[in-house]
A.B. asks: 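First the structure, then my questions, so here it is.
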Amino acid sequence: SIISTAIKPYPLLSRTKNTRFSCSMKVASSFSYQKFIQYALDETKLSTSDLIPSSLQDFSTLKSLDGKTELKMCSFQAPKIRLLRSLSIETSEGMQVLDFAVFPEAEFDLPIFCANFFTSANINIVVLDLNPLHDVINETHYKEKYYKNLIPLGVKYSELLPWGGKLTSESLKFFSPIVIWTKFSSSQENHNILFSAFKDYYKAWLNLMDHAIKETDHSQISLNLEAQHRYLTWRAQKDPGFHVLKRLIGETHAKDVVKKFLFSGVNDLGNKTFLDYFPEYESENGSIIEKRSIIGKSFEKRPWNTQGVFIGDTFG
Ligand code: BLA
């Protein structure tokens, strides 16, 4: 459904009072990520009849400092879903961004659905994955549980959307054997492939969710919770999108969007700090080293083979 949202001036994070089930605001053009969001919401509703807006609905629309750009946000929850949220940005200069993620409740060790697409005039930077909650490089159990049947899907799309070259080595530990990490120039064909990859990966995630059984063992739930908190802590501190957000809405609002919306839970799902999880980022004076990577960029080629076996160098 087409909806309209009042765009309020600063201070923002305006409250909307309804229970809308869409955050798509205009008819999708071929280069818009709105249709991705709408697809995901429609499919989620088919899987779970009780998808409801989350309390983070306070975040709906933000306007950039220069008044030219809207940041659209929406968020939902469901019995197995702690948070499904989306941020999308379209600027008049042709920058388009989608950050769409789904975080399970701690009783489930489901992967985190992650679609991070950055499109500027020419280049597209894409991460699409079912980010593993637990180790998939050294431990086979979790990998087999969730990815064994998905390897052919990963192989299919890694051929269509080839490896994007070196990346921050630390990021790889958050990626699965089926991760799509790619860069490509904009074309209708490439965007069509990306849309079908998104649809197939999202359906795969929903299928995992449909079959997921609630964990009752408290120690296992704690492990899930800590793993999710660690993930949120990483992303809230080191997300490459932060600089774009800062430029658009200023540092204070960017931090709010990151900590209270995109990676909501970072302040309340656990007590550990970034440096507890990632001590290698501690500088001489005890602060967090700003750069994204300590190890440096690595993995020039896809470090997973077509059987889903990790073939990269050991690191970290
Ligand atoms: C670049 N985004 C990147 C890169 C990765 C990711 C791996 C390549 C640079 C690098 O290796 O760090 C994405 N990294 C991730 C993801 C995880 C991770 C998803 O660790 C999860 C664990 N990207 C966005 C959004 C914006 C964005 C919302 O998802 C903008 C608002 C921008 N990403 C963006 C830009 C670059 C980038 C501008 C290139 C510049 C750079 O590398 O810093």
Side-chain angles (χ1 to χ4, degrees), residues 33 36-37 59 62 64 69-73 85-91 93-103 111-137 161 163-176 178-184 194 197-198 201 227-251 253-259 261-263 266 274 277-278 281 289-303 312 315-316:
Y33 289 125
F36 289 58
I37 303 166
F59 290 83
L62 267 173
S64 64
T69 303
E70 272 177 34
L71 290 78
K72 293 175 201 163
M73 289 165 270
R85 95 296 184 277
S86 164
L87 165 70
S88 59
I89 307 171
E90 298 185 6
T91 71
E93 289 84 32
M95 187 188 89
Q96 305 226 33
V97 170
L98 176 67
D99 183 339
F100 181 91
V102 191
F103 301 96
I112 294 161
F113 184 83
C114 164
N116 275 75
F117 305 156
F118 173 84
T119 299
S120 66
N122 296 308
I123 188 84
N124 294 265
I125 301 175
V126 165
V127 173
L128 174 64
D129 194 22
L130 277 53
N131 287 159
L133 198 62
H134 299 299
D135 191 327
V136 286
I137 292 174
L161 299 165
W163 191 251
K166 287 186 179 179
L167 81 166
T168 298
S169 307
E170 287 84 351
S171 291
L172 200 91
K173 293 178 185 170
F174 296 96
F175 294 169
S176 85
I178 64 163
V179 65
I180 298 300
W181 151 244
T182 192
K183 291 179 184 170
F184 55 79
L194 185 62
F198 178 85
Y201 273 57
Q228 190 168 151
H229 186 248
R230 182 176 181 276
Y231 177 94
L232 294 167
T233 304
W234 165 255
R235 296 207 57 189
Q237 189 71 39
K238 294 294 178 193
D239 211 72
F242 181 71
H243 299 284
V244 177
L245 289 179
K246 200 167 124 180
R247 184 159 50 76
L248 287 171
I249 56 177
E251 186 162 7
H253 282 93
K255 282 188 173 159
D256 263 9
V257 167
V258 163
K259 295 203 164 160
F261 180 76
L262 290 177
F263 307 112
V266 66
F274 182 84
Y277 291 124
F278 310 101
Y281 282 85
I289 294 172
E290 283 243 343
K291 61 183 178 184
R292 202 180 308 138
S293 179
I294 300 295
I295 308 173
K297 289 203 176 195
S298 188
F299 305 108
E300 193 155 16
K301 297 206 171 84
R302 187 176 183 84
F315 55 89

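Both ligands and their constituent atoms are indexed starting at 1 by order of listing.
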A.B. asks: To the closest 0.5 Å, what do you measure between CG (Leu172) and CD (Glu170)?
C.D. replies: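 Rounded to the nearest 0.5 Å, the CG-CD separation comes to 10.5 Å.
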A.B. asks: Report the part of Ser293 in contact with ligand 1, treating N, CA, C, O as backbone and CB onward as side chain, heavy atoms under 4.0 Å; options are side chain, backbone, both, neither.
C.D. replies: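 Looking at Ser293 and ligand 1, no heavy atom falls under 4.0 Å.
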A.B. asks: Considering only protein heavy atoms, determine whether one is less than 4.0 Å from atom 26 (C) of ligand 1.
C.D. replies: yes
A.B. asks: What protein heavy atom sits nearest atom 36 (C) of ligand 1, and how far off is it?
C.D. replies: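 Looking at atom 36 (C) of ligand 1, the protein heavy atom closest to it is Ile125 CD1, 3.6 Å.
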A.B. asks: Hey, could you give me the CG/CZ distance between Leu133 and Phe174, rounded to the nearest 0.5 Å?
C.D. replies: 11.0 Å
A.B. asks: Evaluate Tyr231 for polar contact with ligand 1, using N/O atom pairs at a separation under 3.5 Å.
C.D. replies: no
A.B. asks: When you measure from atom 20 (O) of ligand 1 to each heavy atom in Ser171, Gly241, Gly165, Pro240, which option holds the nearest one?
C.D. replies: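 Nearest option to atom 20 (O) of ligand 1, by heavy atoms: Ser171.
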A.B. asks: For residues Phe278 and Trp234, establish whether the separation of their ring centroids is below 6.0 Å.
C.D. replies: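 Yes, the ring centres sit under 6.0 Å apart.
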A.B. asks: As an exercise, state the distance from CE of Met73 to CD1 of Ile37, rounded to the nearest 0.5 Å.
C.D. replies: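 The CE atom of Met73 sits 11.5 Å away from the CD1 atom of Ile37.
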A.B. asks: Would you check if the side chain of Lys301 reaches a backbone N or O of Lys166 as a donor-acceptor pair within less than 3.5 Å?
C.D. replies: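 Between the backbone of Lys166 and the side chain of Lys301 there is no qualifying donor-acceptor contact (under 3.5 Å).
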A.B. asks: For ligand 1, which atoms, with element, lie under 4.0 Å from some heavy atom of Arg235?
C.D. replies: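 Within the 4.0 Å cut-off of Arg235, ligand 1 contributes 19 (C), 21 (C), 22 (C).
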A.B. asks: With a 4.5 Å heavy-atom cut-off, do Lys291 and Tyr281 have their side chains touching?
C.D. replies: no
A.B. asks: Of the side chain and backbone of Arg292, name the one, both, or neither that has a heavy atom under 4.0 Å from an atom of ligand 1.
C.D. replies: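 Side chain only; the backbone of Arg292 stays clear of ligand 1.
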A.B. asks: Using heavy atoms and a threshold below 4.0 Å, how should the contact between Lys297 and ligand 1 be classified: side chain, backbone, both, or neither?
C.D. replies: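 It is the side chain that touches ligand 1; the backbone stays farther off.
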A.B. asks: Does an N or O anywhere in Thr168 fall below 3.5 Å from an N or O of ligand 1?
C.D. replies: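 Yes, since at least one N or O of Thr168 sits under 3.5 Å from an N or O of ligand 1.
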A.B. asks: Spell out, as yes or no, whether a donor-acceptor pair under 3.5 Å connects the side chain of Asp129 to the backbone of Cys114.
C.D. replies: no
A.B. asks: Which atoms from ligand 1 have a heavy atom of Cys114 less than 4.0 Å away?
C.D. replies: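 Result: 19 (C).
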A.B. asks: Using a 4.0 Å heavy-atom cut-off, which part of Val97 comes near ligand 1: side chain, backbone, both, or neither?
C.D. replies: side chain
A.B. asks: Considering only protein heavy atoms, which is closest to atom 24 (C) of ligand 1, and at what distance to one decimal place?
C.D. replies: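 Minimum-distance protein heavy atom for atom 24 (C) of ligand 1 reads Asn116 ND2, 3.5 Å.
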A.B. asks: For atom 32 (C) of ligand 1, what is the closest protein heavy atom, and at what distance to 0.1 Å?
C.D. replies: Phe118 CD1, 3.4 Å
A.B. asks: Distance only, no hydrogens: is a donor on one side chain within 3.5 Å (strictly under) of an acceptor on the other, for Asn116 and Arg235?
C.D. replies: yes
A.B. asks: Using a plain distance cutoff, I'd like to know if Asp99 has any nitrogen or oxygen under 3.5 Å from a nitrogen or oxygen of ligand 1.
C.D. replies: no
A.B. asks: Does ligand 1 have any atom that is closer than 4.0 Å to a heavy atom of Trp181?
C.D. replies: yes
A.B. asks: Tell me which one of Phe117, Phe175, Phe174, Phe100 gets a heavy atom nearest to atom 17 (C) of ligand 1.
C.D. replies: Phe175
A.B. asks: With a 4.5 Å cut-off on side-chain heavy atoms, are Trp181 and Lys183 touching?
C.D. replies: yes
A.B. asks: Are the aromatic rings of Phe198 and Phe113 close, with centres under 6.0 Å apart?
C.D. replies: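 Yes; Phe113 has its ring centre under 6.0 Å from that of Phe198.
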A.B. asks: Can you figure out which of Leu167, Val127, Val244 has its heavy atom closest to atom 15 (C) of ligand 1?
C.D. replies: Val127
A.B. asks: With backbone taken as N, CA, C and O and side chain as the heavy atoms from C-beta onward, which portion of His243 lies under 4.0 Å from ligand 1: side chain, backbone, both, or neither?
C.D. replies: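 His243 to ligand 1: no contact under 4.0 Å from either part.
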A.B. asks: Answer yes if the ring centres of Phe36 and Phe117 are under 6.0 angstrom apart, and no otherwise.
C.D. replies: yes
